[in-house]
Undergrad: 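This is the structure, below, for whatever I ask next.
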Amino acid sequence: MAKKKPVTLGPKHFEKKGDAVAYLKAMLHRYDVGDRVNAADSIVLGAALARHPEAKEKIGSGVNSFSVRSADFGSKCFWVNRTDGTTMRFSHTACVWNT
């Protein structure tokens with residue numbers, strides 16, 4: 001049986017990675033495409049993004065805010081809005097499972 005690996009994302013602590021992914025997925029689905037993520041959720045997303053295997057590339061010049069936008073095949077995902085005005089999408093699952 002696989003050992004559970006606890007995950008902490010900012011103020012949120014999860015006993016296992018699957019719980020963290022489920023939390024982020026539920027967060028994503030609370031927003032409509034085009035919405036800006038609120039301040040409390042942005043703290044959690046910032047901590048999640050820091051765990052992404054390509055965090056340095058995704059963060060770029062720095063994080064200004066997060067939003068929810070369209071992704072492939074009619075789905076939606078989180079986007080980081082950088083301080084230089086550029087944006088980049090990122091996978092919330094990659095933030096948890098690839099670390």
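Side-chain atoms are counted along with the backbone in the values below, which use heavy atoms only and exclude waters and symmetry mates.
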Undergrad: Quick check: closest heavy atoms across His92 and Leu24, and the distance to 0.1 Å?
TA: CD2-CB, 3.7 Å
Undergrad: Is the side chain of Ser67 donor-acceptor paired with the backbone N or O of Gly34 at a distance under 3.5 Å, no angle test?
TA: no
Undergrad: Quick one: list whatever passes salt bridge (charged side-chain N to carboxylate O under 4.0 Å, His left out) with Arg30, sequence neighbours left out.
TA: Asp41
Undergrad: I'd like to check the side chain to side chain contact (heavy atoms under 4.5 Å, CB included) partners of Ala47; sequence neighbours left out, ordered by chain and number.
TA: Leu9
Undergrad: Assess the residue pair Phe90 and Glu54 against the criterion (side-chain contact (heavy atoms from CB on, under 4.5 Å)); give the C-alpha distance rounded to whole Å, side-chain angles, the decisive distance to 0.1 Å, and a yes or no.
TA: CA-CA 9 Å; Phe90 66 97; Glu54 298 171 3; over 6 Å; no
Undergrad: Is any side-chain heavy atom of His13 less than 4.5 Å from a side-chain heavy atom of Pro6?
TA: yes
Undergrad: Kindly compute the distance separating CE (Met27) from CZ (Phe66), expressed to the nearest 0.5 Å.
TA: 9.5 Å
Undergrad: Tell me, please, which residues at least two apart from Ala55 pass side chain to side chain contact (heavy atoms under 4.5 Å, CB included).
TA: His52, Ile59
Undergrad: Of all the heavy-atom pairs spanning Val21 and Trp97, show the shortest one and how long it is.
TA: CG2-NE1, 3.0 Å
Undergrad: Is there a donor-acceptor pair closer than 3.5 Å between any side-chain N or O of Arg51 and the backbone N or O of Ala94?
TA: no
Undergrad: Are the side chain of Lys58 and the backbone of Arg89 linked by a donor-acceptor contact shorter than 3.5 Å?
TA: yes
Undergrad: Yes or no on side-chain hydrogen bond (donor to acceptor under 3.5 Å, both in side chains) for Asn81 and Ser65, after CA distance, side-chain angles and deciding distance?
TA: CA-CA 5 Å; Asn81 306 308; Ser65 63; 3.0 Å; yes
Undergrad: Taking Lys76 for its side chain and Tyr31 for its backbone only, find out whether a donor-acceptor pair lies under 3.5 Å.
TA: yes
Undergrad: I want to check something: taking the side chain as every heavy atom from C-beta on, are Leu28 and Val68 in contact at a cut-off of under 4.5 Å?
TA: yes
Undergrad: With the side chain counted from C-beta on, respond yes when Leu49 and Phe78 share a heavy-atom pair under 4.5 Å apart, and no when they do not.
TA: no
Undergrad: Hydrophobic clustering (ILVMFWY, side-chain heavy atoms < 4.5 Å, transitive) - are Trp79 and Val96 grouped together?
TA: no
Undergrad: Are Met88 and Leu45 connected into the same hydrophobic cluster when the rule is that any two of I, L, V, M, F, W, Y join if their side-chain heavy atoms are below 4.5 Å apart?
TA: yes
Undergrad: Grouping I, L, V, M, F, W and Y whenever their side-chain heavy atoms are under 4.5 Å apart, do Val37 and Ile43 come out in a common cluster?
TA: no
Undergrad: Taking all non-hydrogen atoms of both residues, which atom of Thr93 and which atom of Ser91 are closest, and how far apart?
TA: OG1-OG, 2.8 Å
Undergrad: Under the side-chain contact (heavy atoms from CB on, under 4.5 Å) rule, what do Arg82 and Asn64 come out as? Steps first, then yes or no, please.
TA: CA-CA 5 Å; Arg82 300 184 187 124; Asn64 183 46; 6.0 Å; no
Undergrad: Indicate whether the side chain of Thr87 and that of Arg69 have a donor and an acceptor atom separated by less than 3.5 Å.
TA: yes
